[in-house]
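What you see is a predicted model; the values in this text were computed from it and never measured. Throughout, a chain's letter reflects where its sequence line sits, starting with A, and its residues are numbered from 1.
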There are 2 protein chains.
Amino acid sequence: MINFVLSKIMEKEKTDKKDYILDVAERVFSEKGFDGASTRLISSEAGVNMAMLNYYFGSKEGLFLEIFNRKISSFQDILQNLGNDDSISAWEKMQTYIDMYGEKVVNNNCFQKLLYQEMGMNRRTDLSDKLRDMLMKNVTELNKILTEGIANGEFKTDIDIPMVIATLYGTKNYIINTPMMSSPLLGYDIQDDNMIETKLKPQIKSFMKNLLKAYLHN
Amino acid sequence: MINFVLSKIMEKEKTDKKDYILDVAERVFSEKGFDGASTRLISSEAGVNMAMLNYYFGSKEGLFLEIFNRKISSFQDILQNLGNDDSISAWEKMQTYIDMYGEKVVNNNCFQKLLYQEMGMNRRTDLSDKLRDMLMKNVTELNKILTEGIANGEFKTDIDIPMVIATLYGTKNYIINTPMMSSPLLGYDIQDDNMIETKLKPQIKSFMKNLLKAYLHN
DNA sequence: CAAAGTTAATCAAACGATTGATTAAAGTAA
DNA sequence: TTACTTTAATCAATCGTTTGATTAACTTTG
(Lines give C-alpha, C1' and ligand atoms only; values in the text may rest on other atoms or scores of the structure.)
Protein backbone atom coordinates (compact mmCIF):
# COMPACT_ATOMS: atom_id res chain seq x y z
CA MET A 1 0.00 0.00 0.00
CA ILE A 2 2.68 2.41 1.00
CA ASN A 3 4.74 1.23 -1.92
CA PHE A 4 1.78 1.92 -4.17
CA VAL A 5 1.52 5.49 -2.95
CA LEU A 6 5.27 5.87 -3.19
CA SER A 7 5.33 4.60 -6.74
CA LYS A 8 2.61 7.07 -7.64
CA ILE A 9 4.59 9.94 -6.19
CA MET A 10 7.69 8.81 -7.97
CA GLU A 11 5.83 8.41 -11.21
CA LYS A 12 4.35 11.88 -10.90
CA GLU A 13 7.66 13.50 -10.09
CA LYS A 14 9.40 11.54 -12.78
CA THR A 15 12.27 10.54 -10.55
CA ASP A 16 13.67 7.20 -9.57
CA LYS A 17 13.71 5.83 -6.06
CA LYS A 18 17.28 6.84 -5.41
CA ASP A 19 16.48 10.45 -6.20
CA TYR A 20 13.37 10.27 -4.06
CA ILE A 21 15.37 9.03 -1.07
CA LEU A 22 17.83 11.88 -1.62
CA ASP A 23 14.97 14.39 -1.60
CA VAL A 24 13.63 13.04 1.68
CA ALA A 25 17.08 12.80 3.25
CA GLU A 26 17.83 16.37 2.21
CA ARG A 27 14.76 17.59 4.05
CA VAL A 28 15.32 15.46 7.15
CA PHE A 29 18.99 16.40 7.40
CA SER A 30 18.11 20.08 7.01
CA GLU A 31 15.56 19.82 9.82
CA LYS A 32 17.50 17.68 12.30
CA GLY A 33 21.14 18.09 11.36
CA PHE A 34 23.48 15.26 10.36
CA ASP A 35 23.74 13.70 13.81
CA GLY A 36 20.12 14.35 14.73
CA ALA A 37 18.78 12.56 11.67
CA SER A 38 18.98 8.82 12.26
CA THR A 39 19.08 6.38 9.39
CA ARG A 40 15.94 4.81 10.82
CA LEU A 41 14.06 8.09 10.62
CA ILE A 42 15.24 8.89 7.11
CA SER A 43 14.35 5.44 5.82
CA SER A 44 10.93 5.45 7.47
CA GLU A 45 10.16 8.93 6.14
CA ALA A 46 11.15 7.77 2.69
CA GLY A 47 9.12 4.57 3.09
CA VAL A 48 12.04 2.28 2.38
CA ASN A 49 13.84 -0.34 4.38
CA MET A 50 16.73 0.84 6.46
CA ALA A 51 19.19 -1.42 4.69
CA MET A 52 18.40 0.28 1.39
CA LEU A 53 20.31 3.38 2.45
CA ASN A 54 23.49 1.36 2.80
CA TYR A 55 22.67 -0.64 -0.30
CA TYR A 56 22.34 2.50 -2.40
CA PHE A 57 24.76 4.91 -0.75
CA GLY A 58 27.17 2.71 1.20
CA SER A 59 26.81 4.61 4.45
CA LYS A 60 25.05 7.47 6.16
CA GLU A 61 27.91 9.72 5.22
CA GLY A 62 27.76 8.46 1.65
CA LEU A 63 24.10 9.43 1.55
CA PHE A 64 24.96 12.83 2.95
CA LEU A 65 27.68 13.40 0.37
CA GLU A 66 25.43 12.28 -2.47
CA ILE A 67 22.90 14.98 -1.54
CA PHE A 68 25.54 17.59 -2.19
CA ASN A 69 27.09 16.00 -5.27
CA ARG A 70 23.68 15.96 -6.88
CA LYS A 71 23.24 19.71 -6.45
CA ILE A 72 26.75 20.98 -6.93
CA SER A 73 26.72 20.68 -10.71
CA SER A 74 23.49 22.64 -11.00
CA PHE A 75 24.89 25.43 -8.85
CA GLN A 76 28.10 25.76 -10.79
CA ASP A 77 26.70 27.77 -13.64
CA ILE A 78 24.41 30.22 -11.86
CA LEU A 79 26.22 33.27 -13.05
CA GLN A 80 29.00 31.90 -15.12
CA ASN A 81 30.57 34.42 -17.48
CA LEU A 82 28.32 37.16 -16.19
CA GLY A 83 31.37 38.99 -14.92
CA ASN A 84 33.09 38.83 -18.30
CA ASP A 85 30.21 40.22 -20.34
CA ASP A 86 31.17 43.72 -21.54
CA SER A 87 27.90 44.57 -23.22
CA ILE A 88 26.05 45.51 -20.03
CA SER A 89 26.90 47.77 -17.12
CA ALA A 90 28.11 46.54 -13.74
CA TRP A 91 24.86 47.66 -12.16
CA GLU A 92 22.83 45.70 -14.71
CA LYS A 93 24.95 42.68 -13.88
CA MET A 94 24.24 43.14 -10.21
CA GLN A 95 20.53 43.31 -10.91
CA THR A 96 20.69 40.20 -13.05
CA TYR A 97 22.61 38.40 -10.34
CA ILE A 98 20.11 39.38 -7.67
CA ASP A 99 17.25 38.12 -9.80
CA MET A 100 18.93 34.82 -10.64
CA TYR A 101 20.15 34.28 -7.13
CA GLY A 102 16.81 35.14 -5.57
CA GLU A 103 15.07 32.75 -7.90
CA LYS A 104 17.40 29.80 -7.70
CA VAL A 105 18.21 29.93 -4.07
CA VAL A 106 14.82 30.45 -2.56
CA ASN A 107 13.61 27.48 -4.56
CA ASN A 108 16.14 25.24 -2.85
CA ASN A 109 15.73 26.39 0.71
CA CYS A 110 16.10 22.92 2.25
CA PHE A 111 19.40 22.49 0.49
CA GLN A 112 20.48 26.01 1.35
CA LYS A 113 19.79 25.38 4.99
CA LEU A 114 21.73 22.14 4.88
CA LEU A 115 24.56 23.77 2.98
CA TYR A 116 25.18 26.55 5.46
CA GLN A 117 24.58 24.20 8.36
CA GLU A 118 27.48 22.12 7.09
CA MET A 119 29.63 25.15 6.37
CA GLY A 120 28.96 26.39 9.88
CA MET A 121 30.43 23.26 11.43
CA ASN A 122 33.71 24.37 9.91
CA ARG A 123 35.32 20.99 10.02
CA ARG A 124 38.13 20.57 7.57
CA THR A 125 36.82 17.81 5.34
CA ASP A 126 36.84 17.16 1.62
CA LEU A 127 33.15 18.01 1.53
CA SER A 128 33.57 21.35 3.26
CA ASP A 129 36.41 22.30 0.96
CA LYS A 130 34.36 21.35 -2.07
CA LEU A 131 31.37 23.35 -0.89
CA ARG A 132 33.53 26.34 -0.09
CA ASP A 133 35.05 26.22 -3.56
CA MET A 134 31.60 25.98 -5.08
CA LEU A 135 30.34 29.01 -3.18
CA MET A 136 33.57 30.91 -3.73
CA LYS A 137 33.05 30.80 -7.48
CA ASN A 138 29.98 32.97 -7.10
CA VAL A 139 31.75 35.19 -4.61
CA THR A 140 34.60 35.68 -7.04
CA GLU A 141 32.20 36.56 -9.82
CA LEU A 142 30.46 39.11 -7.61
CA ASN A 143 33.83 40.51 -6.67
CA LYS A 144 34.67 40.95 -10.33
CA ILE A 145 31.42 42.79 -11.05
CA LEU A 146 31.81 45.14 -8.12
CA THR A 147 35.46 45.85 -8.87
CA GLU A 148 34.58 46.61 -12.46
CA GLY A 149 31.80 48.96 -11.33
CA ILE A 150 34.24 50.90 -9.19
CA ALA A 151 36.85 51.04 -11.93
CA ASN A 152 34.50 52.45 -14.55
CA GLY A 153 32.98 55.02 -12.21
CA GLU A 154 29.54 53.44 -11.85
CA PHE A 155 30.03 52.76 -8.16
CA LYS A 156 31.58 54.76 -5.35
CA THR A 157 35.27 54.22 -4.77
CA ASP A 158 34.95 53.59 -1.06
CA ILE A 159 32.47 50.71 -1.05
CA ASP A 160 33.33 47.68 1.08
CA ILE A 161 33.12 44.84 -1.42
CA PRO A 162 33.45 41.89 1.01
CA MET A 163 30.78 43.34 3.26
CA VAL A 164 28.42 43.89 0.34
CA ILE A 165 28.78 40.24 -0.56
CA ALA A 166 28.25 39.20 3.07
CA THR A 167 25.09 41.33 3.13
CA LEU A 168 23.74 39.73 -0.01
CA TYR A 169 24.19 36.16 1.20
CA GLY A 170 23.60 36.92 4.86
CA THR A 171 20.22 38.58 4.39
CA LYS A 172 18.96 35.67 2.33
CA ASN A 173 20.33 33.12 4.80
CA TYR A 174 18.73 34.86 7.75
CA ILE A 175 15.33 34.70 6.11
CA ILE A 176 15.63 31.13 4.86
CA ASN A 177 17.45 29.55 7.80
CA THR A 178 15.49 31.09 10.67
CA PRO A 179 11.84 31.08 9.60
CA MET A 180 10.93 31.20 13.27
CA MET A 181 12.24 34.78 13.24
CA SER A 182 11.67 35.86 9.67
CA SER A 183 8.04 34.75 9.41
CA PRO A 184 6.74 36.97 12.23
CA LEU A 185 9.13 39.68 11.09
CA LEU A 186 7.90 39.72 7.50
CA GLY A 187 4.30 39.07 8.46
CA TYR A 188 3.73 35.91 6.44
CA ASP A 189 4.74 32.26 6.54
CA ILE A 190 7.98 31.98 4.61
CA GLN A 191 7.70 28.18 4.63
CA ASP A 192 4.55 28.37 2.53
CA ASP A 193 5.40 27.71 -1.12
CA ASN A 194 2.70 30.07 -2.29
CA MET A 195 3.96 32.90 -0.09
CA ILE A 196 7.50 32.27 -1.26
CA GLU A 197 6.46 32.68 -4.85
CA THR A 198 4.05 35.60 -4.56
CA LYS A 199 5.60 37.65 -1.76
CA LEU A 200 9.06 36.57 -0.62
CA LYS A 201 10.81 36.36 -3.97
CA PRO A 202 9.65 39.77 -5.23
CA GLN A 203 10.34 41.36 -1.85
CA ILE A 204 13.89 40.04 -1.62
CA LYS A 205 14.72 41.00 -5.20
CA SER A 206 13.22 44.45 -4.89
CA PHE A 207 14.81 45.21 -1.54
CA MET A 208 18.29 44.01 -2.45
CA LYS A 209 18.25 46.14 -5.58
CA ASN A 210 17.10 49.25 -3.73
CA LEU A 211 19.55 48.66 -0.90
CA LEU A 212 22.57 48.16 -3.12
CA LYS A 213 21.53 50.89 -5.52
CA ALA A 214 21.56 53.36 -2.65
CA TYR A 215 24.88 52.12 -1.27
CA LEU A 216 26.83 51.50 -4.44
CA HIS A 217 25.88 54.37 -6.69
CA ASN A 218 27.48 57.74 -6.96
CA MET B 1 47.21 16.80 37.55
CA ILE B 2 44.43 17.75 35.19
CA ASN B 3 42.51 19.06 38.15
CA PHE B 4 45.49 21.16 39.09
CA VAL B 5 45.63 22.74 35.65
CA LEU B 6 41.91 23.19 35.68
CA SER B 7 41.93 24.87 39.03
CA LYS B 8 44.62 27.24 37.80
CA ILE B 9 42.51 28.15 34.77
CA MET B 10 39.47 28.63 36.93
CA GLU B 11 41.40 30.71 39.38
CA LYS B 12 42.73 32.89 36.63
CA GLU B 13 39.34 33.36 35.04
CA LYS B 14 37.69 33.92 38.37
CA THR B 15 34.83 31.57 37.64
CA ASP B 16 33.52 28.54 39.46
CA LYS B 17 33.52 25.05 38.04
CA LYS B 18 29.91 25.16 36.97
CA ASP B 19 30.47 28.25 34.90
CA TYR B 20 33.62 26.77 33.44
CA ILE B 21 31.73 23.66 32.33
CA LEU B 22 29.12 25.88 30.75
CA ASP B 23 31.79 27.78 28.84
CA VAL B 24 33.27 24.57 27.48
CA ALA B 25 29.87 23.09 26.67
CA GLU B 26 28.88 26.26 24.86
CA ARG B 27 31.89 25.98 22.62
CA VAL B 28 31.54 22.24 21.98
CA PHE B 29 27.82 22.50 21.26
CA SER B 30 28.44 25.39 18.87
CA GLU B 31 31.06 23.35 17.02
CA LYS B 32 29.30 19.97 16.86
CA GLY B 33 25.62 20.71 17.36
CA PHE B 34 23.46 19.34 20.15
CA ASP B 35 23.35 15.77 18.84
CA GLY B 36 26.92 15.75 17.63
CA ALA B 37 28.33 16.78 21.00
CA SER B 38 28.37 13.75 23.32
CA THR B 39 28.39 14.14 27.07
CA ARG B 40 31.64 12.20 27.13
CA LEU B 41 33.30 14.68 24.82
CA ILE B 42 32.03 17.70 26.72
CA SER B 43 33.10 16.31 30.07
CA SER B 44 36.53 15.30 28.83
CA GLU B 45 37.08 18.72 27.23
CA ALA B 46 36.08 20.32 30.51
CA GLY B 47 38.31 17.91 32.43
CA VAL B 48 35.53 16.62 34.64
CA ASN B 49 33.89 13.27 35.16
CA MET B 50 30.93 12.52 32.94
CA ALA B 51 28.60 12.06 35.89
CA MET B 52 29.31 15.63 36.97
CA LEU B 53 27.27 16.96 34.09
CA ASN B 54 24.21 15.14 35.36
CA TYR B 55 25.05 16.03 38.92
CA TYR B 56 25.20 19.73 38.13
CA PHE B 57 22.65 20.06 35.35
CA GLY B 58 20.41 17.02 35.64
CA SER B 59 20.74 15.98 32.04
CA LYS B 60 22.34 16.83 28.72
CA GLU B 61 19.30 18.91 27.85
CA GLY B 62 19.47 20.60 31.25
CA LEU B 63 23.06 21.56 30.50
CA PHE B 64 22.00 22.86 27.11
CA LEU B 65 19.20 24.94 28.60
CA GLU B 66 21.47 26.33 31.29
CA ILE B 67 23.83 27.68 28.64
CA PHE B 68 21.00 29.80 27.31
CA ASN B 69 19.52 30.80 30.65
CA ARG B 70 22.87 32.12 31.69
CA LYS B 71 23.08 34.44 28.68
CA ILE B 72 19.48 35.45 28.24
CA SER B 73 19.44 37.91 31.12
CA SER B 74 22.53 39.69 29.82
CA PHE B 75 20.96 40.02 26.39
CA GLN B 76 17.69 41.43 27.61
CA ASP B 77 18.92 44.92 28.15
CA ILE B 78 21.04 45.52 25.10
CA LEU B 79 18.98 48.38 23.82
CA GLN B 80 16.27 48.68 26.36
CA ASN B 81 14.45 52.03 26.28
CA LEU B 82 16.54 53.17 23.36
CA GLY B 83 13.40 53.36 21.25
CA ASN B 84 11.61 55.52 23.78
CA ASP B 85 14.33 58.13 24.15
CA ASP B 86 13.11 61.37 22.53
CA SER B 87 16.28 63.37 23.03
CA ILE B 88 18.15 61.90 20.06
CA SER B 89 17.21 61.38 16.43
CA ALA B 90 16.17 58.04 14.96
CA TRP B 91 19.37 57.92 12.96
CA GLU B 92 21.44 58.49 16.08
CA LYS B 93 19.56 55.65 17.71
CA MET B 94 20.34 53.39 14.78
CA GLN B 95 24.01 54.26 15.04
CA THR B 96 23.98 53.60 18.75
CA TYR B 97 22.28 50.27 18.19
CA ILE B 98 24.77 49.25 15.52
CA ASP B 99 27.65 50.06 17.85
CA MET B 100 26.19 48.23 20.83
CA TYR B 101 25.10 45.27 18.76
CA GLY B 102 28.41 45.01 16.94
CA GLU B 103 30.26 45.11 20.24
CA LYS B 104 28.16 42.71 22.26
CA VAL B 105 27.41 40.18 19.63
CA VAL B 106 30.80 39.69 18.09
CA ASN B 107 32.16 39.11 21.57
CA ASN B 108 29.86 36.15 22.05
CA ASN B 109 30.27 34.46 18.71
CA CYS B 110 30.17 30.91 20.11
CA PHE B 111 26.86 31.64 21.74
CA GLN B 112 25.54 33.43 18.68
CA LYS B 113 26.37 30.44 16.54
CA LEU B 114 24.66 28.14 18.98
CA LEU B 115 21.68 30.45 19.24
CA TYR B 116 20.93 30.59 15.53
CA GLN B 117 21.76 26.91 15.17
CA GLU B 118 18.99 26.16 17.62
CA MET B 119 16.61 28.66 16.04
CA GLY B 120 17.29 27.09 12.67
CA MET B 121 16.08 23.70 13.84
CA ASN B 122 12.69 25.35 14.21
CA ARG B 123 11.34 22.79 16.61
CA ARG B 124 8.49 24.05 18.73
CA THR B 125 9.93 23.79 22.22
CA ASP B 126 9.86 25.97 25.30
CA LEU B 127 13.47 26.90 24.64
CA SER B 128 12.86 27.94 21.06
CA ASP B 129 9.90 30.07 22.08
CA LYS B 130 11.94 31.69 24.81
CA LEU B 131 14.82 32.44 22.47
CA ARG B 132 12.47 33.82 19.84
CA ASP B 133 10.86 36.11 22.42
CA MET B 134 14.29 37.25 23.54
CA LEU B 135 15.39 38.10 20.01
CA MET B 136 12.03 39.59 19.16
CA LYS B 137 12.45 42.22 21.85
CA ASN B 138 15.39 43.68 19.96
CA VAL B 139 13.52 43.34 16.69
CA THR B 140 10.59 45.24 18.14
CA GLU B 141 12.87 47.97 19.39
CA LEU B 142 14.49 48.30 15.98
CA ASN B 143 11.06 48.40 14.42
CA LYS B 144 10.10 51.24 16.71
CA ILE B 145 13.18 53.26 15.83
CA LEU B 146 12.71 52.81 12.09
CA THR B 147 9.00 53.60 12.24
CA GLU B 148 9.74 56.74 14.20
CA GLY B 149 12.36 57.78 11.66
CA ILE B 150 9.87 57.44 8.84
CA ALA B 151 7.18 59.32 10.76
CA ASN B 152 9.37 62.32 11.52
CA GLY B 153 10.76 62.56 8.02
CA GLU B 154 14.30 61.44 8.77
CA PHE B 155 13.97 58.30 6.67
CA LYS B 156 12.37 57.61 3.32
CA THR B 157 8.74 56.57 3.40
CA ASP B 158 9.19 53.50 1.22
CA ILE B 159 11.85 51.65 3.18
CA ASP B 160 11.27 47.96 3.85
CA ILE B 161 11.60 47.74 7.63
CA PRO B 162 11.53 43.94 8.03
CA MET B 163 14.15 43.53 5.34
CA VAL B 164 16.38 46.16 6.93
CA ILE B 165 16.27 44.20 10.15
CA ALA B 166 16.95 40.94 8.32
CA THR B 167 19.95 42.60 6.69
CA LEU B 168 21.33 43.81 9.99
CA TYR B 169 21.16 40.40 11.68
CA GLY B 170 21.80 38.40 8.54
CA THR B 171 25.04 40.10 7.61
CA LYS B 172 26.43 39.62 11.09
CA ASN B 173 25.32 35.98 11.20
CA TYR B 174 26.87 35.22 7.85
CA ILE B 175 30.23 36.49 9.01
CA ILE B 176 30.12 34.85 12.44
CA ASN B 177 28.51 31.54 11.54
CA THR B 178 30.44 30.72 8.38
CA PRO B 179 34.04 31.72 9.04
CA MET B 180 35.06 29.27 6.34
CA MET B 181 33.51 31.70 3.86
CA SER B 182 33.90 35.04 5.58
CA SER B 183 37.58 34.69 6.46
CA PRO B 184 38.81 34.34 2.86
CA LEU B 185 36.21 36.88 1.82
CA LEU B 186 37.34 39.54 4.27
CA GLY B 187 40.99 38.64 3.95
CA TYR B 188 41.72 37.90 7.59
CA ASP B 189 40.97 35.20 10.16
CA ILE B 190 37.70 36.16 11.78
CA GLN B 191 38.25 33.51 14.47
CA ASP B 192 41.31 35.34 15.72
CA ASP B 193 40.41 37.42 18.76
CA ASN B 194 42.91 40.08 17.85
CA MET B 195 41.52 40.40 14.32
CA ILE B 196 38.01 40.56 15.69
CA GLU B 197 38.92 43.48 17.91
CA THR B 198 41.12 45.46 15.56
CA LYS B 199 39.52 44.82 12.18
CA LEU B 200 36.16 43.01 12.25
CA LYS B 201 34.34 45.14 14.80
CA PRO B 202 35.22 48.49 13.24
CA GLN B 203 34.54 47.18 9.75
CA ILE B 204 31.09 45.84 10.62
CA LYS B 205 30.10 48.98 12.48
CA SER B 206 31.36 51.31 9.78
CA PHE B 207 29.83 49.34 6.94
CA MET B 208 26.42 48.92 8.51
CA LYS B 209 26.22 52.64 9.21
CA ASN B 210 27.20 53.58 5.67
CA LEU B 211 24.89 50.99 4.16
CA LEU B 212 21.85 52.00 6.17
CA LYS B 213 22.61 55.68 5.90
CA ALA B 214 22.50 55.40 2.13
CA TYR B 215 19.34 53.32 2.12
CA LEU B 216 17.32 55.01 4.86
CA HIS B 217 18.02 58.66 4.37
CA ASN B 218 16.18 61.12 2.21
C1' DC C 1 9.03 -22.98 -25.69
C1' DA C 2 10.16 -24.04 -20.94
C1' DA C 3 13.46 -25.00 -17.41
C1' DA C 4 17.53 -23.46 -15.11
C1' DG C 5 20.52 -19.91 -13.85
C1' DT C 6 21.67 -15.04 -12.74
C1' DT C 7 21.00 -10.62 -11.19
C1' DA C 8 19.48 -6.60 -8.52
C1' DA C 9 16.18 -5.18 -5.12
C1' DT C 10 14.09 -5.63 -0.71
C1' DC C 11 13.24 -7.21 3.83
C1' DA C 12 13.30 -8.50 8.99
C1' DA C 13 16.53 -9.54 12.27
C1' DA C 14 20.58 -9.02 14.59
C1' DC C 15 25.40 -7.09 15.30
C1' DG C 16 28.83 -4.39 18.02
C1' DA C 17 29.56 0.24 19.36
C1' DT C 18 28.16 4.36 21.45
C1' DT C 19 24.80 7.12 23.59
C1' DG C 20 22.79 9.58 27.97
C1' DA C 21 21.96 8.27 32.41
C1' DT C 22 22.43 5.95 37.02
C1' DT C 23 24.56 3.74 40.81
C1' DA C 24 27.28 2.82 44.86
C1' DA C 25 31.44 3.70 46.76
C1' DA C 26 35.33 6.79 47.76
C1' DG C 27 37.05 11.36 48.65
C1' DT C 28 36.89 16.07 50.77
C1' DA C 29 36.03 19.81 53.81
C1' DA C 30 33.67 21.93 57.76
C1' DT D 1 30.37 13.02 62.10
C1' DT D 2 27.78 15.24 58.27
C1' DA D 3 27.04 17.09 53.90
C1' DC D 4 28.81 17.86 49.57
C1' DT D 5 31.82 16.25 45.48
C1' DT D 6 33.87 13.13 42.58
C1' DT D 7 34.81 8.75 40.76
C1' DA D 8 34.65 4.18 38.03
C1' DA D 9 31.52 0.86 36.76
C1' DT D 10 27.33 -0.23 34.81
C1' DC D 11 22.60 0.36 32.76
C1' DA D 12 19.13 0.19 29.03
C1' DA D 13 18.36 2.44 24.74
C1' DT D 14 19.66 3.83 20.36
C1' DC D 15 23.01 4.28 16.85
C1' DG D 16 24.90 2.88 11.95
C1' DT D 17 25.73 -1.21 9.77
C1' DT D 18 25.65 -6.11 8.28
C1' DT D 19 23.63 -10.39 7.44
C1' DG D 20 21.06 -14.11 5.18
C1' DA D 21 16.77 -15.04 3.14
C1' DT D 22 13.28 -13.88 -0.23
C1' DT D 23 11.32 -11.79 -4.22
C1' DA D 24 10.88 -10.44 -8.96
C1' DA D 25 12.69 -9.62 -13.42
C1' DC D 26 15.93 -10.96 -16.99
C1' DT D 27 19.20 -14.34 -19.42
C1' DT D 28 20.83 -18.37 -20.72
C1' DT D 29 20.41 -23.03 -21.93
C1' DG D 30 18.53 -27.34 -23.71
Side-chain angles (χ1 to χ4, degrees), chain A residues 1-11 15-26 28-29 31-68 114 118 121 123 125 127, chain B residues 1-11 15-68 114 118 121 123 125 127:
Chain A
M1 179 54 190
I2 287 180
N3 277 333
F4 173 76
V5 174
L6 178 63
S7 69
K8 279 294 161 189
I9 293 172
M10 282 168 31
E11 190 182 322
T15 172
D16 65 0
K17 181 166 253 173
K18 220 170 153 179
D19 257 340
Y20 178 73
I21 294 176
L22 286 171
D23 287 338
V24 173
E26 182 178 297
V28 177
F29 275 132
E31 288 169 356
K32 309 257 179 184
F34 180 79
D35 296 292
S38 70
T39 55
R40 281 170 179 80
L41 176 61
I42 295 172
S43 59
S44 89
E45 292 264 316
V48 301
N49 189 278
M50 211 172 43
M52 294 308 296
L53 301 188
N54 296 81
Y55 178 74
Y56 279 133
F57 308 104
S59 66
K60 184 185 184 181
E61 187 173 311
L63 166 62
F64 193 66
L65 294 174
E66 192 56 28
I67 292 173
F68 289 97
L114 190 55
E118 178 61 21
M121 292 285 177
R123 30 189 172 207
T125 63
L127 174 61
Chain B
M1 178 53 188
I2 288 179
N3 277 332
F4 173 74
V5 174
L6 179 63
S7 70
K8 280 293 163 190
I9 293 171
M10 283 166 32
E11 190 182 322
T15 173
D16 65 1
K17 182 169 252 173
K18 217 170 156 179
D19 257 339
Y20 177 75
I21 293 176
L22 285 171
D23 287 337
V24 173
E26 181 178 297
R27 178 179 55 78
V28 177
F29 275 132
S30 79
E31 287 169 356
K32 308 256 180 184
F34 179 79
D35 297 292
S38 71
T39 55
R40 281 170 178 81
L41 176 61
I42 295 171
S43 59
S44 88
E45 292 264 317
V48 301
N49 189 278
M50 208 176 50
M52 295 305 297
L53 300 187
N54 292 304
Y55 176 75
Y56 278 133
F57 308 103
S59 65
K60 183 185 183 181
E61 187 172 310
L63 166 62
F64 194 66
L65 293 175
E66 193 57 28
I67 292 173
F68 290 97
L114 190 55
E118 178 60 20
M121 291 285 176
R123 31 189 173 209
T125 64
L127 173 61

Find the distance [X]:[atom1] to [N]:[atom2] and express it as a whole number of Å.
| X | N | atom1 | atom2 | result |
| --- | --- | --- | --- | --- |
| B/L65 | C/dG20 | CG | P | 15 Å |
| B/M50 | D/dA9 | CE | P | 12 Å |
| A/L41 | D/dT17 | CG | P | 15 Å |
| B/K18 | D/dC4 | NZ | P | 13 Å |
| B/N49 | D/dA8 | CG | P | 6 Å |
| B/F64 | C/dT19 | CZ | C1' | 17 Å |

> How far apart are the closest heavy atoms of B/L114 and B/S30, and which atoms are they?
Replying inline: CD1-N, 3.9 Å

> Which ones in residues 52-60 of chain A lie close to DNA chain C, meaning a heavy atom under 4.0 Å from one of its atoms?
Replying inline: A/M52, A/Y55, A/Y56

>> Run the salt bridge (Lys or Arg N to Asp or Glu O under 4.0 Å) test against B/E61 and tell me which residues pass, sequence neighbours left out.
In response: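 By the salt bridge (Lys or Arg N to Asp or Glu O under 4.0 Å) rule, B/E61 matches no residue at all.
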
> Who pairs with A/R123 by salt bridge (Lys or Arg N to Asp or Glu O under 4.0 Å), at least two apart in sequence or on another chain?
Replying inline: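 Here the qualifying residues are A/E118.
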
> Listed by chain and number, what are the side-chain contact (heavy atoms from CB on, under 4.5 Å) partners of B/E66, not counting sequence neighbours?
Replying inline: B/L22, B/F57, B/N69

> Considering residues at least two apart in sequence or located in another chain, which fulfil the side-chain hydrogen bond (donor to acceptor under 3.5 Å, both in side chains) criterion with B/S59?
Replying inline: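 By the side-chain hydrogen bond (donor to acceptor under 3.5 Å, both in side chains) rule, B/S59 matches no residue at all.
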
> How are the rings of B/F29 and B/F64 set relative to one another: parallel (under 30°), tilted (30 to 60°) or perpendicular (over 60°)?
Replying inline: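 Taking B/F64 first and then B/F29, their aromatic rings stand perpendicular (interplane angle over 60°).
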
For nucleotides 23-30 of chain C, give me every protein contact, N/O to N/O, under 3.5 Å, one pair per line with atom names.
none

>> Nearest 0.5 Å, please: how far is CD in A/E26 from CD1 in A/I42?
In response: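 The CD1 atom of A/I42 sits 11.5 Å away from the CD atom of A/E26.
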
> Nearest 0.5 Å, what's the CD1-CG distance between A/I67 and A/L63?
Replying inline: 5.0 Å

> If you pin A/R40 and B/D35 to their nearest nucleotides in DNA chain C, which one's is more 5'?
Replying inline: A/R40

> Using the C1' atoms of the five pairs at each end, what is the angle between the end axes of the helix from C/dC1-D/dG30 to C/dA30-D/dT1, to 10°?
Replying inline: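 For the helix from C/dC1-D/dG30 to C/dA30-D/dT1, the axes at opposite ends meet at about 20°.
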
> So, the side chain of A/K32 versus the backbone of A/S38: is there a donor-acceptor pair under 3.5 Å, distance only?
Replying inline: no

With a 3.5 Å cut-off and sequence neighbours excluded, list the donor-acceptor pairs that the side chains of residues 48-56 of chain A form with protein atoms.
residue, atom, partner, partner atom, Å
A/N49, OD1, A/A51, N, 2.9
A/N54, ND2, A/G58, O, 3.4

>> Counting the atoms with a prime plus P, OP1 and OP2 as sugar-phosphate, which does A/S38 contact under 4.0 Å by heavy atoms, base, sugar-phosphate, or nothing?
In response: sugar-phosphate

> Tell me the salt bridge (Lys or Arg N to Asp or Glu O under 4.0 Å) pairs involving residues 37-50 of chain B, sequence neighbours left out?
Replying inline: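 For residues 37-50 of chain B, and leaving out neighbouring residues, the salt bridge (Lys or Arg N to Asp or Glu O under 4.0 Å) pairs sorted by first residue read B/R27-B/E45.
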
>> At less than 4.0 Å, is any side-chain N or O atom of B/K17 found next to OP1 or OP2 of D/dT6? Yes or no.
In response: yes

